[in-house]
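Report on one structure; see the data block that follows.
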Amino acid sequence: MMIAVPILLLFFAFNTLPLIKGFMYSFTNFRGYGTKFDWVGWRNYIDLFTDTRVGNSYWFTFKLALVATILINILSLVMALALNAKIRFKSFLRGMYFVPNILGALVVGYIFSYIFTYILPALTSTASMLANKNLAWIAIVIVCAWQSIAMNTLIYISGLQTVPEDVYEAASLDGATGWNRFRYITFPLIMPFFTINMVLCMKNNLMVFDQIMALTKGGPAQSTESISFLIYNNGMGGGQFGFQSANAVIFFIVIVIISVLQLKYLNKKEEQL
């Protein structure tokens with residue numbers, strides 16, 4: 001009990017207390033500096049629904065999160081199936097494939113920024129993807145996927161290893177091979193791991209920040225401004241601390257709702273399979 005007290009105090013000081021203060025500031029016009037502010041009630045929350053920049057950031061974030069989540073889980077599942085097969089140097093390949101997840105997101109972002117800005121344009125004789133409003137978000141998806149696939153693959157491999165070998169042997173006797181074996185045997189048995197990956201992946205992609213900070217800083221022309229980046233950029237340095245605190249509260253609620261809906265839907269699918 002005595003060991004838990006310091007941990008609880010630290011959790012309250014660095015997690016719960018800032019959350020409470022942020023919620024309090026969401027009802028003020030606090031600029032993020034100084035000590036003077038006025039209470040404005042629900043005005044910040046009302047203004048959020050009429051702010052075009054906020055609306056665009058939500059649209060961009062949802063689009064990126066949806067595409068990245070689908071891409072990451074498809075590629076992760078394919079890689080997990082390949083790495084779980086009977087191949088040589090399997091342990092070595094699994095270790096090497098996990099390296100992207102170890103690297104910091106900002107480091108990875110700066111490396112890819114150099115690739116997109118200098119190397120690819122030199123090879124293709126075209127402008128950088130990061131300078132194109134229609135293509136910059138695709139570059140961010142690529143970077144998010146490159147780093148996230150490793151962890152998702154590891155979770156899928158863990159799921160595949162829980163499938164008993166005798167199940168596959170029985171399926172082979174019944175003539176189930178290839179796609180049919182995956183569809184009717186493998187995937188239903190690893191469905192709980194698919195649920196975990198989908199929920200965590202969607203949540204992480206909705207909160208995308210580091211990749212945008214390193215690659216585009218919200219540009220060009222605010223076309224890649226995620227919600228997290230907007231909250232940080234305008235809240236900390238743009239004099240909108242109170243307004244962006246309200247944005248953070250709404251964003252928190254949105255993430256919780258999406259996660260709960262995902263869990264309910266995917267749990268029902270687990271029961272049906």
Side-chain angles (χ1 to χ4, degrees), residues 18-19 22-23 25-26 28-33 43-72 104-117 120-121 127-148 200-259:
L19 184 65
F23 180 70
Y25 281 127
S26 71
T28 72
N29 62 357
F30 185 50
R31 293 180 174 274
Y33 50 86
R43 192 178 72 190
N44 288 333
Y45 290 92
I46 295 172
D47 290 345
L48 281 173
F49 293 94
T50 58
D51 192 296
T52 304
R53 188 171 180 181
V54 172
N56 290 338
S57 71
Y58 271 83
W59 163 245
F60 164 76
T61 304
F62 289 151
K63 177 177 67 173
L64 182 142
L66 181 61
V67 173
T69 298
I70 293 172
L71 179 65
I72 289 168
L106 280 174
V107 175
V108 172
Y110 287 128
I111 293 172
F112 271 91
S113 177
Y114 183 83
I115 293 173
F116 288 130
T117 304
L120 286 182
S128 170
M129 292 176 65
L130 302 179
N132 189 316
K133 290 198 299 183
N134 298 319
L135 299 177
W137 75 277
I138 298 177
I140 297 171
V141 168
I142 293 172
V143 177
C144 290
W146 187 84
Q147 190 165 30
S148 300
L200 292 180
C201 196
M202 177 62 78
K203 187 264 296 181
N204 291 335
N205 286 317
L206 283 172
M207 297 174 63
V208 63
F209 175 82
D210 292 344
Q211 292 84 355
I212 291 174
M213 175 64 77
L215 291 169
T216 64
K217 290 183 173 57
Q222 301 173 359
S223 61
T224 61
E225 201 169 50
S226 70
I227 305 169
S228 296
F229 184 83
L230 177 63
I231 291 171
Y232 164 79
N233 193 45
N234 283 22
M236 296 298 180
Q240 295 183 348
F241 193 91
F243 180 71
Q244 294 304 331
S245 293
N247 195 8
V249 172
I250 295 296
F251 188 40
F252 171 76
I253 295 172
V254 168
I255 291 177
V256 171
I257 291 173
I258 291 175
S259 298

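Worth saying up front: this structure is predicted, and the values here are computed from it rather than measured.
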Closest heavy-atom contact between [X] and [Y]?
X      : Y      : value
Thr224 : Ala136 : CG2-CB, 3.6 Å
Cys144 : Val208 : SG-CG2, 3.8 Å
Ser57  : Ile227 : O-CG1, 3.8 Å
Ala105 : Gln211 : CB-NE2, 4.0 Å
Gly22  : Ser245 : O-CB, 3.4 Å
Asn132 : Pro220 : C-CG, 3.9 Å

Side chain to side chain donor-acceptor pair (under 3.5 Å) contacts in which one or both residues fall within residues 58-68, not counting sequence neighbours:
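Side chain to side chain donor-acceptor pair (under 3.5 Å) check on residues 58-68 returns Tyr58-Asn247.
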Pairs in or reaching into residues 226-237: which pass side chain to side chain donor-acceptor pair (under 3.5 Å), with residues at least two apart or in two chains?
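Sorted pair list: Asn234-Gln240.
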How long is the gap from [atom1] on [X] to [atom2] on [Y], to the nearest 0.5 Å?
X      : Y      : atom1 : atom2 : value
Ile115 : Leu120 : CD1   : CG    : 7.0 Å
Trp146 : Leu71  : CH2   : CG    : 14.5 Å
Leu135 : Ile142 : CG    : CD1   : 9.5 Å
Gln244 : Tyr25  : CD    : OH    : 16.0 Å
Ile212 : Leu64  : CD1   : CG    : 6.5 Å
Ile140 : Phe60  : CD1   : CZ    : 4.0 Å

Where do Asn29 and Phe243 land on the side chain to side chain contact (heavy atoms under 4.5 Å, CB included) test, with the steps shown first?
CA-CA 7 Å; Asn29 62 357; Phe243 180 71; over 6 Å; no
Return the set of residues passing ring-ring contact (aromatic ring centres under 6.0 Å, His included) with [X] (not counting sequence neighbours), or none when no residue passes.
X      : result
Phe23  : Phe27
Trp137 : none
Phe251 : none

Do side-chain atoms of [X] reach the backbone of [Y] as a donor and acceptor pair under 3.5 angstrom?
X      : Y      : result
Thr117 : Tyr114 : no
Ser148 : Ala145 : no
Asp51  : Asp47  : no
Asn44  : Ser26  : yes
Thr69  : Leu66  : no

Who pairs with Arg43 by salt bridge (charged side-chain N to carboxylate O under 4.0 Å, His left out), at least two apart in sequence or on another chain?
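For Arg43 there are no salt bridge (charged side-chain N to carboxylate O under 4.0 Å, His left out) partners, ignoring immediate neighbours.
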Decide yes or no for Val254 and Phe62: does some side-chain heavy atom of the first lie under 4.5 Å from some side-chain heavy atom of the second?
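SC-SC contact between Val254 and Phe62 confirmed.
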Verdict with reasoning, Tyr110 to Leu215, per side chain to side chain contact (heavy atoms under 4.5 Å, CB included)
CA-CA 7 Å; Tyr110 287 128; Leu215 291 169; over 6 Å; no
Side chain to side chain contact (heavy atoms under 4.5 Å, CB included), that's the test. Do Ile255 and Met207 meet it? Break it down for me.
CA-CA 9 Å; Ile255 291 177; Met207 297 174 63; 3.6 Å; yes
Does the pair Phe241 and Met236 meet the rule for a side chain to side chain contact (heavy atoms under 4.5 Å, CB included), with working shown?
CA-CA 6 Å; Phe241 193 91; Met236 296 298 180; 4.2 Å; yes
Once you measure the plane-to-plane angle for Phe229 and Phe209, does it fall in the parallel (<30°), tilted (30-60°) or perpendicular (>60°) bin?
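Tilted, since the angle between the ring planes falls between 30° and 60°.
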